[in-house]
Amino acid sequence: MNERIAICPGSFDPITLGHLDIINRAAAMFDKIIVVVMENRDKKCSFTPDERRVLIEKSVVGIQNVEVDCYDGLLAEYAAQKGACAIIKGLRAMSDFEYEFQMALTNKKLNPDVETLFLTTKAENMYLSSSMVRLIASMNGDITEFVPPIIHDDIVSRLSKSANKNNGG
Ligand code: PNS
């Protein structure tokens, strides 16, 4: 039987515990998950695509059936290239819904072979976002509760006030 492959796309700037929960749950439902770092043209990212990929690779090291990739192009095309049957997105609140719904419909039009599936976030991650993590870390706040422990120090050393000073920022 064909391998059932699902794509978990996102900006992941950086990956949070909320993303990791969705990836874990998706990995239990499919033979293979490809987490792909993509460009969201509406967002200006702090981490380069390669930095984001490395942070994800470190975070998913314990999950057997997960691969990590970067792609600069259309998600629908990427899913076709990889032979994926599903795109998995996490939904936090109704505020996410309209945007995600529009993307799901567009992706279905561009690639009718792929279904978008939404997983509801855990209640404790409802408020969690990469932008919040970046803001807190850049003001030297504690992000321990929000990011995978293995990448905590990488994020802090990259975004903290002293790191910004050293970068002239
Ligand atoms: O984590 P994000 O920023 O909500 O992820 C959005 C992302 C990167 C998945 C989305 O912007 C995307 O799919 N970008 C790739 C280009 C594309 O296919 N856009 C959708 C066409 S409607």
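Numbering of ligands and ligand atoms starts at 1, following listing order.
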For E77 and ligand 1, answer yes if some heavy atom of the residue is under 4.0 Å from a ligand atom, otherwise no. no
Examine the proximity of ligand 1 to L74 and report which part, side chain or backbone, both or neither, has a heavy atom under 4.0 Å away. both
Please lay out, stage by stage, how K43 and D13 fare under the test salt bridge (charged side-chain N to carboxylate O under 4.0 Å, His left out). CA-CA 10 Å; K43 290 181 182 170; D13 188 41; over 6 Å; no
Any N/O pair [X]/ligand 1 closer than 3.5 Å:
{"X": "E100", "value": "no"}
{"X": "N40", "value": "yes"}
{"X": "K43", "value": "yes"}
{"X": "G73", "value": "no"}

Q81 atom CD, over 12 foreign heavy atoms within 6.0 Å: yes
Quick one: does D69's side chain get under 4.5 Å of K82's, heavy atoms only? yes
Any heavy-atom pair between the side chains of L91 and T121 that's under 4.5 Å? no
Treating S130 as the side-chain partner and P14 as the backbone partner, does any N or O pair qualify as donor plus acceptor under 3.5 Å? yes
Which residue and atom name correspond to the protein heavy atom nearest [atom], and how close is it?
{"atom": "atom 3 (O) of ligand 1", "result": "S11 OG, 2.4 Å"}
{"atom": "atom 18 (O) of ligand 1", "result": "L75 N, 2.8 Å"}
{"atom": "atom 14 (N) of ligand 1", "result": "E39 O, 3.2 Å"}
{"atom": "atom 10 (C) of ligand 1", "result": "M103 SD, 3.9 Å"}

R92 charged N/C atom sitting above Y127 aromatic ring, 6.0 Å / 45°: no
Are R25 and D21 close enough for a salt bridge, meaning some N to O gap below 4.0 Å? yes
Does the protein place a non-hydrogen atom closer than 4.0 angstrom to atom 7 (C) of ligand 1? no
Could you list the atoms of ligand 1 found under 4.0 angstrom from a heavy atom of T106? 22 (S)
If you apply the rule side-chain contact (heavy atoms from CB on, under 4.5 Å), what do you find for F146 with T16, and how did you get there? CA-CA 6 Å; F146 311 134; T16 67; 5.6 Å; no
